[in-house]
Amino acid sequence: TFCYNCLLEVLVKAGRHRQGYRIYCEEMLATCEPDVYTYAALLRGFCRAREVDEACRLFDEMKARNLVPNVYLCSILIDGLCKTKKSNEALRVFRDMQKSGILADTVIYTSLLSGFGREKKLNEALELLEEMIEDGCQPNLVTYNSLIDGLCKDNQTDRARELLEKMKREKCMPTLVTYNTMLDGLFRAGKMDDAIALFEEMLSMEIAVDVVTFNIVISGLCRAGKIEAALSSFHRLMGKHCQPNVITYSVLIDGLCKSNRVNQALKLLASMKEAGCAPDVVTYTMLVDGLCKESRVAKAADVLREMLDSGCVPNLVTYNSLLHGLCKMKRVTEALNLMRQMSDKGVKPNVITYGTLIDGLCKIGQVEEAYKLLGELVEKGGTPDLVIYNILINGLCKQDKVDDSIRLLGKMIETGLKPD
RNA sequence: UUUUUAGACUCGACGU
């Protein structure tokens, strides 16, 4: 059992959890008894791959083998649920855990708290903070960092800063992660001057900044449409403080694409490869998307080819970008075919996939067909969002079906969505 | 005198 556990752990760490699971099923069960460590490794593998349903199944399987879950196992599962934005479900698992007599610790509370923060449920997060203290679990550096991140992403940068000061008073010293979090928050909140000031302050502090810091600055500048400033920061800062990584290049490539400078983005792709930095599926997808938006489908196909040759596997976003490209060129039939193909390859269409195709159909006047796709989305358990309704309402209006459009608007409001 | 199986925090891409 111990040997197999080690093997599973190595496989999982290398992202080969599927293989690990096969060994568990085919060899391990036949020769020895799996224990809680076995399940910890497997759960972690599935959670990391965001296959949380499978993780939940394994968790039940483990209980069926009369193994008693402990705080580690619960924590892995709860963290997996939180990271897939199912913090309410995570909280349910947590309450069950408490009922069964397992004592919670700081790590598990922090997972939950950061999960609620991720879903912008700051009140719940703050309630958990109080609860954990009452429960005898002291918030630590990670807990505070998670809360600062949640507050920032909910546009509450002032409260985040207060929390940072509070940390210092409580002698829980902020680290680089804390400052990086705060810096990113200021950029996202559009507080450019504050962000730049904090960055300068960071450069003068004892703590050495890292590539994440630079990536935050460069992406902040790109998001604000300051691509030139981003490029000059890149040239100025990189090499001196640290080496750019795949994210650094990708941020810039995306920035260039979004400023309609796709050719320059392609040049940057070449230089990143020269610098020995391997582009990943995200990098290539940005370029495919940029090229499709300029209707350069042939070039997009070249980039896609290169991506496949380099061993990257197209993911949901890659497909969505391609589908958007096809729809833009009114090649909606091909797009529909591609959507079926992606399902066959195990890439499950999401609400954005449907939105892309529904819009494509509306724009070629096939609102009826678009409605059918909406039906399909709902059938498959998806929930139409505001954008989907906007697309259809717009499509109906363009067909002068204003009454239908008003009816749909009413239906949308019934589901609790606010029109924008 | 010290380490050998498990968990939490920050950066990038897609639809109106």
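The structure presented is a predicted model; accordingly, all values stated were derived computationally and were not measured. Residue numbering restarts at 1 for every chain, and letters A, B, ... go by the order of the sequence lines.
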Looking at A:Lys258, I'd like to know whether one of its side-chain N or O atoms comes within less than 4.0 Å of OP1 or OP2 on B:C14. yes
A:Leu252 has an atom CG; how far is it from atom P of B:C11, in whole Å? 17 Å
Taking A:Asp158 first and then A:Lys191, would you say they form a salt bridge - that is, a charged N and a carboxylate O separated by under 4.0 Å? yes
Under 5.5 Å and under 30°: A:Tyr72 stacked on B:G7: no
What nucleic acid atoms does A:Lys13 come within less than 4.0 Å of, heavy atoms only: base, sugar-phosphate, or nothing? nothing
Given atom CG of A:Asn320 and atom P of B:A13, what is their separation to the nearest angstrom? 14 Å
Candidates B:A8, B:U16, B:G12 - which lies nearest the side chain of A:Val107: B:A8
Using a cut-off of 4.0 Å on non-hydrogen atoms, how would the nucleic acid contact of A:Val217 be classed: base, sugar-phosphate, or nothing? nothing
Mark yes or no for a side-chain to base donor-acceptor pair under 3.5 Å between A:Thr356 and B:G15, with no hydrogen or angle criteria applied. no
Can you measure A:Asn245 atom CG to B:G12 atom C1' for me and round it to whole angstrom units? 9 Å
Sequence neighbours left out, what passes side-chain hydrogen bond (donor to acceptor under 3.5 Å, both in side chains) with A:Glu61? Give chain and number order. A:Tyr24, A:Arg57
Gap between atoms CG and P, on A:Leu113 and B:U10 respectively (whole Å): 12 Å
Classify the nucleic acid contact of A:Leu392 as base, sugar-phosphate or nothing, counting any heavy atom under 4.0 Å across all strands shown. nothing
By the 4.0 Å heavy-atom rule, please label A:Ile108 as base, sugar-phosphate, or nothing. base
Does A:Arg188 reach a base, just sugar-phosphate, or nothing at all? Heavy atoms under 4.0 Å. sugar-phosphate
With a 4.0 Å cut-off on heavy atoms, is A:Asp280 in touch with a base, just the backbone sugar-phosphate, or nothing at all? base
Does OP1 or OP2 of B:G7 have a side-chain N or O of A:Arg44 closer than 4.0 Å? yes
Rounded to the nearest angstrom, tell me the gap between atom CG in A:Leu7 and atom C1' in B:A6. 15 Å
Select base, sugar-phosphate, or nothing to describe what A:Lys293 touches, counting heavy atoms under 4.0 Å on all strands. sugar-phosphate
Kindly say whether, by distance alone, the side chain of A:Asn140 makes a donor-acceptor pair under 3.5 Å with the base of B:A8? yes
Is it true that A:Asn390 and A:Asp420 share a donor-acceptor pair across their side chains at a distance under 3.5 Å? yes
Nearest to side-chain heavy atoms of A:Val317, which nucleotide of B:U16, B:G7, B:A13: B:A13
Checking all strands, does A:Val251 fall into the base, sugar-phosphate, or nothing category for heavy-atom contacts under 4.0 angstrom? sugar-phosphate
Would you say A:Asn245 and A:Asn215 make side-chain contact, with heavy atoms under 4.5 Å? yes
How far apart are the C-alpha atoms of A:Glu165 and A:Lys168, what are their side-chain angles, what is the distance that settles it, and do they pass the salt bridge (charged side-chain N to carboxylate O under 4.0 Å, His left out) test? CA-CA 5 Å; A:Glu165 294 308 317; A:Lys168 288 187 197 162; 3.6 Å; yes
Can you check the A:Ile78 CD1 to B:A8 C1' distance for me, whole Å? 11 Å
Please classify the nucleic acid contact of A:Ser250 as base, sugar-phosphate, or nothing, using heavy-atom distances under 4.0 Å. base
Any N or O donor-acceptor pair under 3.5 Å from the base of B:G15 to the side chain of A:Asp385? yes
Would you indicate what A:Ser146 reaches in the nucleic acid, counting non-hydrogen atoms under 4.0 angstrom: base, sugar-phosphate, or nothing? sugar-phosphate
What is the distance from CG of A:Leu164 to C1' of B:C9, rounded to the nearest Å? 13 Å
Over 12 foreign heavy atoms within 6.0 Å of NZ, A:Lys85: no
How many angstroms lie between CG in A:Leu112 and OG in A:Ser146, if you round to the nearest 0.5 Å? 11.0 Å
Check: protein-nucleotides 3-5 of chain B nitrogen or oxygen pairs below 3.5 Å:
unit_1 : atom_1 : unit_2 : atom_2 : d
B:U5   : O2'    : A:Glu9 : OE1    : 2.0

Under 4.0 Å between any heavy atoms, over every strand shown, what does A:Val211 touch: base, sugar-phosphate, or nothing? Just pick one. nothing
Base, sugar-phosphate, or nothing for A:Ile391, non-hydrogen atoms under 4.0 angstrom? sugar-phosphate
Which part of the nucleic acid does A:Thr110 contact within heavy-atom distance under 4.0 Å: base, sugar-phosphate only, or nothing? base
To the nearest Å, give me how far apart CG (A:Leu291) and C1' (B:A13) are. 13 Å
Looking for any heavy atom pair under 4.0 Å, which part of the strands does A:Ile247 touch: base, sugar-phosphate only, or nothing? base
Do A:Glu9 and A:Tyr37 get their side chains close enough for a donor-acceptor pair, meaning under 3.5 Å? no
Go through the side-chain N and O atoms of A:Thr143 and A:Asn140 and say whether any donor and acceptor fall under 3.5 Å apart. yes
Quick check: any donor-acceptor pair below 3.5 Å linking the side-chain of A:Asn315 to the base of B:A13? yes
If we count only N and O atoms by modelled type, under 3.5 Å, do the side chains of A:Tyr109 and A:Glu131 hold a donor and an acceptor together? yes
